[in-house]
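See structure below.
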Amino acid sequence: MLVIAWFDAHRRDLPWRAPDVTPWGVLVSECMLQQTQVDRVVPRWQAWMHEWPTPAALAQAPVADVLRAWQGLGYPRRALRLHATACALVDTWGGQVPESEPDLRALPGVGSYTAAAVSAFAFGRPAVVLDTNIRRVLARAWTGVAGPKAHQTRDELQLAAGLIDEHTGAAWSAAVMELGAVVCTARSPHCDQCPLAHRCAWLAAGRPDNGPVRRAQARFAGSDRQARGALLRAVSAAEGARAPELARAWADAEQRERALAGLLADGLVVRTPAGYALPAQH
DNA sequence: AATTCGTGGAG
DNA sequence: TCTCCAAGAAT
């Protein structure tokens, strides 16, 4: 197939693609890559795998250490869930990563995409992988629209399933995902370098701006998300953080209280006699 | 089903 | 500067 040949020639040398990487390594990479760019993940994945090379190793680590190792990647609840997944793997899977999508899907922080990705990329199964890159390539080359809809559709899943079936499963998914990531990009796609250019419906139509209108992302500056991040860093830096440290981290009192309540509810921060702290155990 | 959840790079 | 968007998941 065209895209697989293209992939063989152009694939990036990402560390989790090395031949000796374990299914656990693949799972860790997929969790880190949820809404976080590849370039930011690479060094963190390497450090993480050095520190916790197996599910058993991560399961034994204090949650506070896990959260600190995650700092900077964003969405720290993912770190909590990855730790919980490590515990589940030890408790019910003998410290191994299961191969089937339903079994993977039952793990904390593993949704439909991650389950399919691990099943395909760690075990070579022909799972139907649908991430933002593959969805964009399908939308353009096959459907002739500039971009995918906000949410997955049945048609999309069926289209991908048919293509997976007709090609060599995991390799096809890896190739199309890579194509979407480096050639068929959201912003300014490099159609001159695309192996599908000669048969791309969107390119043939003159690259029309006919994609679905997407709702604008809420601004980050001054958001609750930013407040949570600032507070979590403050708690992480000063075990036993009290009011002054928190106020220094985020000035607006009302928003600070709301964000702190959220962090406590999520289990990212706990109350201790010494003040607020990262959780020791989960 | 629509919201919420971090952070940073690129245009 | 500001906007977009990034290998999504949970609720």
Side-chain angles (χ1 to χ4, degrees), chain A residues 7 11-12 14-17 25-45 67 70-82 84-85 104-122 127-138 146-153 160 170 173-182 184-190 209 211-234 236 249-250 258-259 261-263 265-269:
Chain A
F7 184 61
R11 59 183 288 169
R12 290 170 295 177
L14 302 176
W16 46 86
R17 287 177 175 167
V26 174
L27 175 55
V28 171
S29 79
E30 293 300 343
C31 290
M32 288 185 170
L33 286 162
Q34 290 166 4
Q35 296 287 279
T36 301
Q37 299 91 329
V38 167
D39 292 344
R40 293 170 58 198
V41 167
V42 168
R44 315 304 296 276
W45 181 87
L67 288 175
W70 195 271
Q71 270 182 19
L73 285 176
Y75 293 146
R77 292 189 296 193
R78 289 183 295 165
L80 234 41
R81 292 176 183 142
L82 184 53
T85 277
L104 287 160
R105 184 69 184 70
L107 297 168
V110 177
S112 58
Y113 161 74
T114 302
V118 172
S119 194
F121 304 147
V128 180
V129 181
L130 270 187
D131 80 319
T132 186
N133 293 306
I134 294 181
R135 296 185 65 220
R136 185 172 52 250
V137 174
L138 293 181
K149 296 179 176 171
H151 300 292
Q152 266 183 43
T153 64
S173 294
V176 176
M177 194 177 313
E178 185 80 344
L179 187 65
V182 304
C184 192
T185 54
R187 290 290 180 87
S188 44
H190 310 287
D209 184 16
V213 288
R214 310 185 73 137
R215 215 170 61 90
Q217 186 172 314
R219 67 181 296 106
F220 178 67
S223 67
D224 282 7
R225 289 183 191 177
Q226 187 181 28
R228 283 171 56 107
L231 291 174
L232 188 59
R233 276 190 295 278
S236 172
W250 197 261
R258 185 168 61 241
L263 291 171
D266 288 345
L268 287 164
V269 172

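Side chains included, hydrogens not; waters and symmetry mates left out as well; all remaining heavy atoms used. Letters go in sequence order (proteins before strands), and every chain restarts at 1.
- Out of C/dA9, C/dA7, C/dA6, the shortest distance to the side chain of A/Arg136 is found at C/dA6.
- Residue A/Tyr113 has its side chain nearest to C/dA9 when only C/dA9, B/dG6, C/dC4 are considered.
- Projected onto DNA chain C by closest heavy-atom contact, A/Arg17 and A/Ala216 fall at different nucleotides, the more 5' of which corresponds to A/Ala216.
- As judged by a 4.0 angstrom heavy-atom cut-off over every strand, A/Trp70 is placed among residues making no nucleic acid contact.
- Across all strands shown, A/Ala186 has heavy atoms under 4.0 Å from sugar-phosphate atoms exclusively, and none from any base.
- At a cut-off of 3.5 angstrom, the base of C/dC4 holds at least one donor-acceptor pair with the side chain of A/Arg187.
- Here, C/dT11 and B/dG6 have their P atoms 14 Å apart, quoted to the whole Å.
- Atom P of nucleotide B/dG6 and atom CG of A/Leu33 are separated by 18 Å, given to the nearest angstrom.
- In this model, no donor atom of one side chain and acceptor atom of the other lie less than 3.5 Å apart for A/Gln34 and A/Tyr113.
- Nearest-nucleotide positions on DNA chain C place A/Arg12 closer to the 5' end than the other of A/Pro108 and A/Arg12.
- Here the straight-line distance linking atom OG1 of A/Thr114 with atom CG of A/Leu27 works out to 8.0 Å at 0.5 Å rounding.
- Residue A/Val129 is classed as having no contact, given no heavy-atom separation below 4.0 Å to the nucleic acid.
- We find that CG of A/Leu107 is positioned 15 Å from C1' of C/dG8, with the value rounded to whole Å.
- Among the nucleotides C/dC4, C/dA7, B/dT7, the one closest to any side-chain atom of A/Arg233 is B/dT7.
- To the nearest angstrom, P of B/dT7 lies 13 Å from CG of A/Asp224.
- Within the 4.0 angstrom heavy-atom criterion, only backbone atoms of the sugar-phosphate kind lie near A/Gly72; the bases stay farther away.
- At a threshold of 4.0 angstrom between heavy atoms, the contacts of A/Gly111 are confined to the sugar-phosphate backbone, with no base atom among them.
- Side chain of A/Arg215, nearest nucleotide from B/dT7, B/dT3, C/dA6: B/dT3.
- Comparing B/dA2, B/dG8, C/dC4 by their closest approach to the side chain of A/Gln37 singles out B/dG8.
- In this entry the distance linking CZ of A/Arg81 with C1' of B/dT4 reads 10 Å, nearest Å.
- Contact annotation for A/Ile134: no contact, since no heavy-atom pair falls under 4.0 Å across all strands.
- In the interface, the side chain of A/Thr132 is not paired with the base of C/dG8 through any donor and acceptor atom under 3.5 Å apart.
- Look at the P atom in both B/dT4 and C/dA7: the space between them is 24 Å, to the nearest Å.
- Across all strands, A/Ser29 comes closer than 4.0 Å to no nucleic acid atom at all (heavy-atom distances).
- With values rounded to the nearest 0.5 angstrom, A/Cys184 atom SG is found 13.5 Å from A/Met177 atom CE.
- Considering only side-chain atoms of A/Arg40, the nucleotide from C/dA10, C/dC5, B/dG6 that sits closest is B/dG6.
- When rounded to the nearest whole Å, the span between CD of A/Gln152 and P of C/dA7 equals 15 Å.
- Spacing between atom CD of A/Gln35 and atom P of B/dT3 amounts to 16 Å, rounded to whole angstrom units.
- Taking the nucleotide of DNA chain B with the nearest heavy atom to each of A/His151 and A/Thr36, the more 5' of the two is matched to A/His151.
- The phosphate of C/dT1 has neither OP1 nor OP2 within less than 4.0 Å of any side-chain N or O from A/Arg219.
- A 4.5 Å side-chain heavy-atom check between A/Arg17 and A/Phe121 finds every atom pair outside the cut-off.
- Along DNA chain B, the nucleotide nearest A/Pro76 and the nucleotide nearest A/Ser188 are compared for position; the residue whose nucleotide lies closer to the 5' end is A/Pro76.
- Taking each heavy atom of A/Val41 and A/Leu33 in turn, the nearest pair found is CG2-CD2, 3.7 Å.
- A/Asp39 places its CG atom 14 Å from the C1' atom of B/dT7, with the value rounded to the nearest Å.
- Whole-Å rounding puts the A/Arg214 CZ to C/dG8 P distance at 11 Å.
- Residue-level contact check: A/Leu231 touches neither bases nor backbone, having no heavy atom under 4.0 Å from any strand.
- Side-chain contact check for A/Thr36 and A/Arg78: at least one donor-acceptor pair (N or O, by modelled atom type) lies under 3.5 Å.
- Nearest nucleotide to the A/Thr114 side chain, out of B/dG6, C/dA7, C/dA9: C/dA9.
- Minimum heavy-atom separation, A/Arg105 to A/Ser112: NE-N, 3.4 Å.
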